[in-house]
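Note sheet for the following structure.
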Amino acid sequence: MTEQIQKTDTQDKEVEEVFQELDTIAEKLESGETSLEDSFRLYKKGMELLKYCSDRLDTVEKKMLQMDEDGTLREF
């Protein structure tokens with residue numbers, strides 16, 4: 001039986017949700033019960049999710065501000 005991989009819109013997901021989905025994918029891949037074809041689909045989906053997380057973290061990092069001793073904010 002071929003497992004159906006649902007395409008989800010990661011744009012609306014929190015990073016924590018994406019990490020949970022990555023955990024689920026890793027468990028399926030490690031189970032040894034996934035067909036080769038489904039393993040490729042799961043791997044591709046996992047890589048897309050990793051890229052999404054990386055992009056989100058980069059965006060947050062760029063938006064972070066540091067407060068100086070005098071109370072002014074600046075990017076770091």
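Quantities reported herein were computed from a predicted structural model and do not represent experimental measurements. Basis for what follows: all heavy atoms, side chains included, without hydrogens, waters or symmetry-related copies.
- No side-chain heavy atom of Leu42 sits less than 4.5 Å from a side-chain heavy atom of Lys45.
- In terms of modelled atom types and a separation under 3.5 Å, the side chain of Ser54 and the main chain of Leu50 share no donor-acceptor contact.
- Using a 4.5 Å cut-off on side-chain heavy atoms (C-beta onward), Glu33 and Lys28 make no contact.
- At least one side-chain heavy atom of Leu49 sits less than 4.5 Å from a side-chain heavy atom of Ile25.
- At least one donor-acceptor pair under 3.5 Å links the side chain of Glu17 to the backbone N or O of Glu14.
- Judged as a side chain to side chain contact (heavy atoms under 4.5 Å, CB included), and not counting sequence neighbours, the contacts of Tyr43 are Met47.
- Note that CZ of Phe40 and CG of Leu29 are 11.0 Å apart. Values are rounded to the nearest 0.5 Å.
- In this structure, NZ on Lys44 lies 15.0 Å from OG on Ser39, to the nearest 0.5 angstrom.
- Taking CZ of Phe19 as the start and CD of Glu16 as the end, the distance is 7.5 Å to the nearest 0.5 Å.
- Apart from Leu57 itself, the hydrophobic cluster it occupies contains nothing, where clustering links Ile, Leu, Val, Met, Phe, Trp and Tyr at side-chain heavy-atom distances under 4.5 Å.
- Taking CD from Glu27 and OG1 from Thr34, the interatomic distance works out to 11.0 Å, rounded to the nearest 0.5 Å.
- Contact between Cys53 and Val15 at its shortest, heavy atoms only, is SG-CG1, 4.1 Å.
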